[in-house]
There are 2 protein chains.
Amino acid sequence: MLRGALGSLLDFEEDIEVIAQAKNGEEALHFIQMLHPDVCLMDIEMPIKSGLEVAEELKTHLSTCKIIILTTFARPGYFERALKAEVHGYLLKDGSSDELAQSIRNVMKGKREFAPELIFGSMKEDNPLTEREREVLRLVADGKTAKEISSALFLSTGTIRNYMSEIIGKLNVKNRIEAISKAEEKGWI
Amino acid sequence: MLRGALGSLLDFEEDIEVIAQAKNGEEALHFIQMLHPDVCLMDIEMPIKSGLEVAEELKTHLSTCKIIILTTFARPGYFERALKAEVHGYLLKDGSSDELAQSIRNVMKGKREFAPELIFGSMKEDNPLTEREREVLRLVADGKTAKEISSALFLSTGTIRNYMSEIIGKLNVKNRIEAISKAEEKGWI
DNA sequence: ACATTTAGATGACATTTGTCATTTAAAAGG
DNA sequence: CCTTTTAAATGACAAATGTCATCTAAATGT
């Protein structure tokens, strides 16, 4: 509904024309490759392909379409990944549609537009977890048992327990469930 | 952003005038009591007061303002509660804004508008958990330990364990983490 | 070449979690 | 009034989880 409403509103603007609306990342990618729009306004959490995946693919394909991420989530993890994909904007859904239109114009002029919340927030607490720890915690978050994880990663169950203990300590929480919440909230897994 | 965009779009309609926009339930309630609108379009999950709470209060105050719930969540629990509060509509955010405008007109004519998904109730898998079980699982999902939960609910830790065992059985999963995922996914907690 | 760090394993241990059978008292339903 | 249900407690037990100290071998740094 937000997509439709924004589509209509932006189309009302003299200098903006909405040429397509996609309902997921895959569709967005197709449209971009077919229609070569100047700008693509994209959410992150979408079915089939996330907005970040689309941005990354476009970057490797050397697309000239300027990507503006428009999402609810100010997660540092998302933001950082978007920066790596060299998006032209990362805005939050709590602004007004007028501000959005103005940001689109600025991006067309070559500027980059980032929600101020993110720039301050990007002095962020960085992820204290190692790659292995993240891997383990991700599996734990999926409800896997120590045994399942150990055989998936070819480690002993004792090692898995050590990792969990380490993770719980690092995140300064009291059990795996809090560890999962905290890590997900901070975008660390 | 959706609120602002919808506000603008609906205000474009000849026969619709947007007289206020509230950013939470409490504010909505104030506006309704001050301005006596014909219709109030309201989300459910809002800060301070939820849309359902507002609808319930308005019902007891015998307000004449027709409430239309507009939300992302097709949770049977929400829907049922909205029906009890005698709202005039319950629509999902995946329709278009044109359809929404049409629904508003229908409601003004005295009709009631409910998203077909809800009436057909295809997602009608109903919540197998009792109130107590939900309460326990919600706390577990917050990372609380058995001891904390037992003292919060004035139950013994053994009873908490019994509940968790029961919950895990009912949801047909293998541990508390899967139970949390499943219950959250289905909107049961 | 040698010291240091690192990933992983192990074992011992306490605590928490999950399972079950049984009990009690109150509530509900005849 | 007497069953039947229900919410909660208890105890016993196995399994999983969390904590630690220690050990090994490989990778790194200098």
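Protein chains get the first letters and strands the later ones, always in sequence-line order, with residue 1 at the start of each.
For A/Ser151, there are no side chain to side chain contact (heavy atoms under 4.5 Å, CB included) partners at least two apart in sequence or on another chain.
A nucleotide of DNA chain C counts as in contact with chain A when one of its atoms lies under 4.0 Å from a heavy atom; the first and last such, 5' to 3', are C/dA7 to C/dA12.
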Pairs: protein N or O with nucleotides 20-22 of chain D N or O, under 3.5 Å:
unit_1, atom_1, unit_2, atom_2, d
D/dC20, N4, A/Asn162, OD1, 2.8

Exercise. Run the numbers on A/Ser156 and A/Ser150 for side chain to side chain contact (heavy atoms under 4.5 Å, CB included), then give the verdict.
Key: CA-CA 5 Å; A/Ser156 79; A/Ser150 71; 5.8 Å; no
Exercise. Mind running salt bridge (Lys or Arg N to Asp or Glu O under 4.0 Å) on A/Glu27 and A/Lys23 for me, showing each step along the way?
Key: CA-CA 7 Å; A/Glu27 218 177 277; A/Lys23 61 177 173 298; 2.8 Å; yes
Self-check item: Verdict with supporting geometry, A/Asp38 and A/Cys65, side chain to side chain contact (heavy atoms under 4.5 Å, CB included)
Solution: CA-CA 5 Å; A/Asp38 297 315; A/Cys65 173; over 6 Å; no
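Rounded to an integer number of Å, the gap from B/Glu133 CD to D/dT6 P is 12 Å. Rounding to whole angstrom units, CZ of residue B/Phe154 and P of D/dA9 are separated by 12 Å. Atom P of nucleotide D/dA7 and atom CD of B/Glu131 are separated by 11 Å, given to the nearest angstrom. Residue A/Ile168 contributes atom CD1, which lies 17 Å from atom P of D/dA16 at whole-angstrom precision.
Using bins of under 30°, 30° to 60° and over 60° for the plane-to-plane angle, the ring pair B/Phe114/B/Phe79 lands in the perpendicular bin.
Counting only distance, with no hydrogens or angles, the side chain of A/Arg161 and the backbone of A/Ala146 share no donor-acceptor pair below 3.5 Å.
Between B/Tyr90 and B/Tyr78, a ring centre-to-centre spacing not shorter than 6.0 Å is recorded.
Between B/Thr159 and D/dA9 there is a side-chain N or O to OP1 or OP2 distance below 4.0 Å.
Non-hydrogen atoms lying under 4.0 Å from DNA chain C are contributed by B/Ala146, all within residues 141-152 of chain B. Taking every heavy atom of residues 174-183 of chain B and every atom of DNA chain C, pairs under 4.0 Å involve B/Asn175, B/Arg176, by number.
By the criterion of side-chain heavy atoms lying less than 4.5 angstrom apart, applied directly or through intervening Ile, Leu, Val, Met, Phe, Trp or Tyr residues, B/Ile104 is not grouped with B/Ile19; the two fall into different hydrophobic clusters.
Taking the C1' atoms of five terminal pairs at each end of the helix from C/dA1-D/dT30 to C/dG30-D/dC1, the two resulting helix axes are inclined by 40°, rounded to 10°.
Proximity of A/Gln102 to A/Glu113: side-chain heavy atoms (C-beta onward) are nowhere separated by under 4.5 Å.
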